[in-house]
Colleague: 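My structure is below; once you've seen it, I'll send some questions.
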Amino acid sequence: MRFDTPATTNPIDQLKVIGHAVDRVDGHLKTTGAAPYAYEQNEAAPNAAYGYVVGSSIAKGRIRAMNAGAARRAPGVLAVVTAENAGKLGLGIFNTAILLGGPEIQHYHQAIAVVIAETFEQARAAAQLLNVDYIPETGSFDLAQTKSSGAHSAGGKSDQRTGDFEGAFAAAPVRLDATYTTPDHAHAMMEPHASIATWQGDRLTVWTSNQMVDWGRGDLARTLGIPKEKVRLVSPYIGGGFGGKLFLRAEAVLAALGAKAVNRPVKVALTRPFMFNNTPHRPATIQRIRIGASRDGRITAIAHESWSGNLPGGKPENAVQQTQLLYAGANRLTGNRLSVLDLPEGNAMRAPGEAPGLMALEIAMDEMAEKLRIDPVMFRIKNETKVDPGNPDRPFSQRRLIECLRTGAERFGWHARNPQPASMRDGRWLVGMGVAAALRNNLVMQSGARLRLSPAGVVTVETDMTDLGTGSYTIIAQTAAEMMGLPLDKVVVKLGDSDFPVSAGSGGQWGANSSTAGVYAAAVKLRETVAQRLGMDASVAEFSDGMVRAGGKSIPLAQAATAGELVVEDSIQFGDLTKRYQQSTFGAHFVEVGVDLYTGETRIRRMLAVCAAGRILNPKSARSQVIGAMTMGVGAALMEDLVVDKRRGFFVNHDLAGYEVPVHADIPHQEVIFLDETDPMSSPMKAKGVGELGLCGVGAAIANAVYHATGVRLRDYPLTLDKLLPQLPDVT
């Protein structure tokens with residue numbers, strides 16, 4: 001099915017199942033421990049041996065020699081696989097660094113060997129016996145230093161310009177020129193990167209934790225140098241990903257190589273400390289923002305430049321993308337700069353680009369509002385735009401930012417805020433309120449599905465779509481139930497298997513909308529097939545309550561399959577609507593904080609998110625996504641900092657003991673409001689993504705609340721008490 005004209009009324013609009021706060025259909029499996037994750041596929045791959053990954057202890061250089069003799073002779077050891085004996089390995093199109101290093105070393109903890117043994121403990125013990133002689137080289141690990149020496153435009157792309165920024169900025173009566181920094185961040189999802197691999201002849205099956213099954217399958221085939229059709233990837237359950245599992249990682253490759261070496265299944269899971277330096281992270285940024293405005297608060301010039309680092313061949317953190325779209329202004333400049341750093345790979349992490357970009361932009365907007373003596377909410381509203389500011393001929397498909405801001409301000413009690421910083425007290429706590437706008441672009445991807453109608457009237461959905469705790473199983477079941485007129489207990493959903501039709505996968509906030517649209521397309525074909533079997537006109541047939549009705553006839557849906565199971569397959573293919581209309585999701589975050597006047601400790605008191613993200617397919621799971629993202633935003637604002645050892649090039653706090661993330665005591669009262677919206681330009685579902693929108697702007701809302709509470713403006717994340725203490729007001 002091709003989607004190239006705006007959606008009109010269709011069966012989804014009945015909202016008998018779609019749009020309802022449905023419990024997760026896979027919930028009982030997960031809460032009872034019956035859902036097998038990648039490392040637990042023991043029945044599918046019995047008698048598995050264990051692999052333990054060895055990582056490089058230098059960040060840049062070469063391996064002079066590796067002595068694995070003692071490791072191979074250790075009890076229980078079956079094999080030691082290194083670059084020397086693994087055979088020629090390729091590089092996946094989504095990978096920046098080689099997944100099995102040697103002799104060249106590209107970053108600290110790059111995998112250089114996997115030890116295979118009968119037990120995990122034996123493999124781990126033997127791994128300590130590996131003797132590696134390195135030739136270290138001087139690496140580049142300091143973003144600030146490389147910035148000053150001249151980072152180049154990212155990927156050879158020139159800055160994006162509209163009008164004459166420099167002239168307009170110089171002429172503006174009110175100006176801001178400020179620099180903001182965000183640190184490196186780790187994904188730190190609950191389930192580590194884990195895989196089990198087994199070979200049957202020349203065919204490889206890997207049970208893995210991967211968000212994008214088809215991408216992973218393709219890159220695994222490229223890496224091993226075998227045909228893609230010889231590889232099967234299975235990923236039915238994922239214990240969190242945040243973008244860290246978008247692409248093929250080392251443990252899947254090493255499990256496959258290990259299984260080939262010992263001729264039996266091999267399971268490999270990265271240990272928690274290993275994950276921080278071996279897998280991708282969100283790169284640090286240095287961002288300069290300049291805003292010029294007229295005295296009445298109209299932005300006349302806006303520039304946003306961002307510096308980030310990555311390995312050679314890597315991409316920048318696109319922290320300027322939201323600034324290209326969020327506010328009006330005739331004269332504009334945005335650009336990303338990329339430094340070559342010999343740190344572990346920087347790559348996608350929840351809301352890549354917008355998350356750190358809005359952490360800077362939305363502080364800058366508050367600083368400008370203060371200079372102009374305009375309320376921060378009103379300053380944002382004053383600079384609203386209905387078209388792409390860089391391309392005024394391109395309107396937004398839907399843009400309800402003003403409604404998000406106004407609704408949030410009313411619900412949060414913004415009118416009670418004393419605008420004077422450090423003026424609100426609650427005992428020893430300085431109290432502040434902050435706001436930030438949110439934008440995350442709506443991305444869509446081709447997505448397919450296969451539907452089966454059994455003689456019992458049960459519809460089974462098969463698609464390689466994944467569920468990393470986001471609720472994919474449930475919204476796909478809701479879509480099929482709505483389209484076929486069935487209750488949810490008559491729908492079975494099977495996900496995460498490369499034997500199924502290729503879906504959009506889970507990433508970039510495109511998963512829910514695209515994958516359900518793919519199921520919609522397949523369901524349209526199944527409806528046509530059913531109607532034909534029952535002698536009805538598909539264009540007027542109604543599917544409801546397990547019946548099909550048309551032309552005065554009412555026949556059970558199951559009757560269409562009495563001669564045998566009906567099987568159909570289709571995909572949604574998106575046309576040029578995304579080029580003709582700017583499709584984005586919008587939101588507003590409001591936060592109240594308390595800052596201890598004596599210690600500088602910051603505590604979140606309450607949070608509110610107002611989101612405009614198209615049709616909300618399941619308000620319960622969507623709310624869960626948003627409050628999870630809000631909590632992640634608390635971590636990014638107040639505590640998370642992946643600290644770089646700039647001498648040796650590794651992340652020092654590489655475990656959950658040293659890398660601070662929010663826990664239950666840090667989670668405040670959180671409220672989420674979804675505006676009633678549909679976007680017919682987006683898909684037949686008229687939906688958009690929402691899981692990453694919930695993170696966008698949260699950090700800045702907290703920073704703005706801290707400033708309002710204390711009068712201390714911090715531009716360097718995280719907003720830790722050591723940065724606040726020297727500048728706090730005198731205790732009175």
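Being a predicted model, the structure only gives us computed values, none of them experimental.
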Colleague: Working to the nearest 0.5 angstrom, can you tell me the gap between Lys620 NZ and Thr474 OG1?
Modeller: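 One gets 10.0 Å once the value is rounded to the nearest 0.5 Å.
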Colleague: Within the side chain of Gln727, is there an N or O that forms a donor-acceptor pair under 3.5 Å with the backbone of Thr710?
Modeller: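 Not a single qualifying donor-acceptor pair exists.
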Colleague: Are Ser308 and Thr285 linked by a side-chain donor-acceptor pair shorter than 3.5 Å?
Modeller: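 Absent: no donor and acceptor within the cut-off.
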Colleague: Is any side-chain N of the basic residue among Asp716 and Lys723 closer than 4.0 Å to the acidic one's carboxylate O?
Modeller: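 Salt bridge between Asp716 and Lys723, a charged N being under 4.0 Å from a carboxylate O: yes.
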Colleague: May I ask you to check whether Tyr180 and Tyr717 place their ring centers less than 6.0 Å from one another?
Modeller: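 That pair fails the under 6.0 Å test.
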Colleague: Might you point out which heavy atoms bring Leu372 and Gly297 nearest each other, and give the distance in Å?
Modeller: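 Between these two residues, the closest heavy atoms are CD1-CA, 3.8 Å.
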Colleague: Thr385 side chain to Ala328 main-chain N or O, any donor-acceptor pair under 3.5 Å?
Modeller: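 Between the backbone of Ala328 and the side chain of Thr385 there is no qualifying donor-acceptor contact (under 3.5 Å).
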Colleague: Using side chain to side chain donor-acceptor pair (under 3.5 Å) as the criterion, point out the one residue from Gln324, Gln322, Gln583, Gln582 that pairs with Asn441.
Modeller: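 Exactly one option meets the side chain to side chain donor-acceptor pair (under 3.5 Å) with Asn441, and it is Gln582.
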Colleague: Tell me if the aromatic rings of Phe276 and Tyr659 count as close, with their centers under 6.0 Å from one another.
Modeller: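 Ring centroids of Phe276 and Tyr659 are less than 6.0 Å from each other.
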Colleague: Please find the pair of heavy atoms, one from Arg399 and one from Leu325, that lie closest to each other, and give the distance.
Modeller: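 Heavy-atom minimum between the residues: NH1-O, 3.2 Å.
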Colleague: Using the side chain to side chain contact (heavy atoms under 4.5 Å, CB included) rule, take Asn347 and Phe247 through it: C-alpha gap first, then chi angles, then the decisive distance, then the call.
Modeller: CA-CA 10 Å; Asn347 215 316; Phe247 315 117; 3.2 Å; yes
Colleague: Would Glu367 and Arg715 count as a salt bridge (Lys or Arg N to Asp or Glu O under 4.0 Å) if you check the C-alpha gap in whole Å, the side-chain angles of each, and the deciding distance to 0.1 Å?
Modeller: CA-CA 11 Å; Glu367 294 197 58; Arg715 301 187 181 105; 2.7 Å; yes
Colleague: Counting only heavy atoms not in Asp489, do more than 12 fall under 6.0 Å of its CG?
Modeller: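 Check passes, neighbour count above 12.
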Colleague: Do Arg606 and Phe412 form a cation-pi contact, if we require the NZ or CZ to be under 6.0 Å from the six-membered ring centre and within 45 degrees of the ring's axis?
Modeller: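 That pair qualifies as a cation-pi contact.
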Colleague: Would a distance-only check, ignoring hydrogens and angles, find a side-chain to backbone donor-acceptor pair under 3.5 Å from His654 to Val652?
Modeller: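 Answer holds: yes.
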Colleague: Should the pair Asp366-Lys371 be classified as a salt bridge under the 4.0 Å nitrogen-to-oxygen rule?
Modeller: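 Between Lys371 and Asp366 there is no salt bridge, as every charged N stays at least 4.0 Å from the carboxylate O atoms.
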Colleague: In this structure, is the centre-to-centre distance between the rings of Tyr473 and Tyr237 below 6.0 Å?
Modeller: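 That pair passes the under 6.0 Å test.
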Colleague: Enter the distance from Ile402:CD1 to Ile381:CD1 here, rounded to the nearest 0.5 Å.
Modeller: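 So the CD1 of Ile402 and the CD1 of Ile381 are separated by 6.0 Å.
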Colleague: For side chain to side chain contact (heavy atoms under 4.5 Å, CB included), just list the numbers for Leu495 and Ser472, CA-CA rounded to whole Å, side-chain angles, deciding distance to a tenth of an Å, and then say yes or no.
Modeller: CA-CA 9 Å; Leu495 301 181; Ser472 300; 4.1 Å; yes
Colleague: Would you compute the distance between atom CE of Met368 and atom CZ of Arg290 and round it to the nearest 0.5 angstrom?
Modeller: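 Answer rounded to 0.5 Å: 13.5 Å.
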Colleague: Looking at Gln321 and Pro352, would you say the former's side chain and the latter's main chain have a donor-acceptor pair under 3.5 Å?
Modeller: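 Judged by distance alone, yes, a pair lies under 3.5 Å.
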Colleague: Return yes when atom CD of Glu410 has more than 12 non-hydrogen atoms of other residues, nucleotides or ligands closer than 6.0 Å, and no otherwise.
Modeller: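 For Glu410, atom CD is not crowded (no more than 12 foreign heavy atoms under 6.0 Å).
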Colleague: Among Val174, Thr323, Asn383, Ile302, find the residue that satisfies the side-chain contact (heavy atoms from CB on, under 4.5 Å) test when tested with Ile291.
Modeller: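 Among Val174, Thr323, Asn383, Ile302, the one that satisfies the side-chain contact (heavy atoms from CB on, under 4.5 Å) with Ile291 is Ile302.
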Colleague: Grab the two heavy atoms, one from Gly241 and one from Leu468, that are nearest each other, plus how far apart they are.
Modeller: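 Result for this residue pair: N-CD1, 3.6 Å.
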Colleague: Do Arg400 and Phe586 meet the cation-pi criteria used here (NZ or CZ under 6.0 Å from the six-membered ring centre, within 45° of the axis)?
Modeller: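 No, Arg400 does not lie over the aromatic ring of Phe586.
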Colleague: Is the closest side-chain heavy-atom distance between Ser306 and Arg288 below 4.5 Å?
Modeller: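 Ser306 does not reach Arg288 side chain to side chain.
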Colleague: Between Lys382 and Glu384, does any side-chain N to carboxylate O distance fall below 4.0 Å?
Modeller: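 Result for this pair is no, no salt bridge flagged.
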Colleague: At their closest point, which heavy atom of Lys245 faces which heavy atom of Pro192, and how far apart are they?
Modeller: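 Taking every non-hydrogen atom into account, NZ-O, 3.7 Å.
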Colleague: Output yes when a side-chain donor or acceptor of Asp722 lies under 3.5 Å from a complementary backbone atom of Leu725, and no otherwise.
Modeller: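 No, because the side chain of Asp722 does not come within donor-acceptor range (under 3.5 Å) of the backbone of Leu725.
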Colleague: Arg411: what forms a salt bridge (charged side-chain N to carboxylate O under 4.0 Å, His left out) with it, not counting sequence neighbours?
Modeller: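 Salt bridge (charged side-chain N to carboxylate O under 4.0 Å, His left out) list for Arg411, sorted by chain: Glu671.
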Colleague: So, the side chain of Asp655 versus the backbone of Gly658: is there a donor-acceptor pair under 3.5 Å, distance only?
Modeller: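 Pair found, side chain donor or acceptor close to backbone of Gly658.
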Colleague: Just verifying a value: how many Å separate Arg282 CZ and His185 NE2, rounded to the nearest 0.5 Å?
Modeller: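 These two atoms lie 7.0 Å from each other.
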Colleague: Apply side chain to side chain contact (heavy atoms under 4.5 Å, CB included) to the pair Asn210 and Ile238, showing each step before the final yes or no.
Modeller: CA-CA 7 Å; Asn210 188 286; Ile238 303 172; 5.6 Å; no
Colleague: Hey, could you give me the CD1/CG distance between Ile616 and Asn618, rounded to the nearest 0.5 Å?
Modeller: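 Output value for this atom pair is 10.0 Å.
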Colleague: Run Arg350 and Glu692 through salt bridge (Lys or Arg N to Asp or Glu O under 4.0 Å) and show every step you take.
Modeller: CA-CA 6 Å; Arg350 195 176 201 170; Glu692 295 181 280; 6.0 Å; no
Colleague: Ring-plane angle category for Phe651 and His281, please: parallel below 30°, perpendicular beyond 60°, tilted otherwise.
Modeller: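 Judged by the thresholds at 30° and 60°, the geometry between Phe651 and His281 is perpendicular.
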Colleague: Quick one: do Gln670 and Thr631 satisfy side-chain hydrogen bond (donor to acceptor under 3.5 Å, both in side chains)? Show the steps, please.
Modeller: CA-CA 9 Å; Gln670 294 168 302; Thr631 305; 3.1 Å; yes
Colleague: Restricting to non-hydrogen atoms, name the atom on Ala364 and the atom on Leu176 that form the minimum distance, rounded to 0.1 Å.
Modeller: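 For Ala364 and Leu176, the tightest heavy-atom pair comes out as O-CD2, 3.5 Å.
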Colleague: Before giving the answer on side-chain hydrogen bond (donor to acceptor under 3.5 Å, both in side chains), spell out for Trp307 and Asn336 the whole-Å C-alpha distance, their side-chain angles and the decisive distance to 0.1 Å.
Modeller: CA-CA 6 Å; Trp307 288 258; Asn336 290 298; over 6 Å; no
Colleague: Verify side-chain hydrogen bond (donor to acceptor under 3.5 Å, both in side chains) between Ser209 and Glu191, making sure each step is shown before the conclusion.
Modeller: CA-CA 8 Å; Ser209 188; Glu191 180 199 23; 2.6 Å; yes
Colleague: Under 4.0 Å between a side-chain nitrogen and a carboxylate oxygen: does that hold for Arg615 and Glu677?
Modeller: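 Answer for the salt bridge query: no.
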Colleague: When you measure from the side chain of Glu601 to the backbone of Val595, do you find a donor-acceptor pair of N or O atoms at a distance under 3.5 Å?
Modeller: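 Here the side-chain-to-backbone pair does not exist.
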Colleague: Looking at Met630 and Met607, what are the two nearest heavy atoms and their distance?
Modeller: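 Scanning both residues, the minimum pair turns out to be CE-CB, 3.5 Å.
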Colleague: Rounded to the nearest 0.5 Å, how far apart are CZ of Arg249 and CE of Met275?
Modeller: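 The CE atom of Met275 is 11.0 Å from CZ of Arg249, to the nearest 0.5 Å.
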Colleague: Just do the side chain to side chain contact (heavy atoms under 4.5 Å, CB included) check on Thr279 and Phe274 with the steps written out, would you?
Modeller: CA-CA 8 Å; Thr279 67; Phe274 199 81; over 6 Å; no
Colleague: Quiz question: by atom type and distance under 3.5 Å, do the side chains of Ser682 and Asn513 form a donor-acceptor pair?
Modeller: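 Yes - a donor-acceptor pair under 3.5 Å links their side chains.
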Colleague: Step by step, would you call Thr466 with Ser235 a side-chain hydrogen bond (donor to acceptor under 3.5 Å, both in side chains)?
Modeller: CA-CA 7 Å; Thr466 50; Ser235 190; over 6 Å; no
Colleague: Dump the intermediate steps for salt bridge (Lys or Arg N to Asp or Glu O under 4.0 Å) on Asp666 and Arg603, then the final yes or no.
Modeller: CA-CA 7 Å; Asp666 302 303; Arg603 283 285 179 180; 3.2 Å; yes
Colleague: Does the pair Lys688 and Asp679 meet the rule for a salt bridge (Lys or Arg N to Asp or Glu O under 4.0 Å), with working shown?
Modeller: CA-CA 8 Å; Lys688 296 176 182 176; Asp679 193 336; 2.9 Å; yes
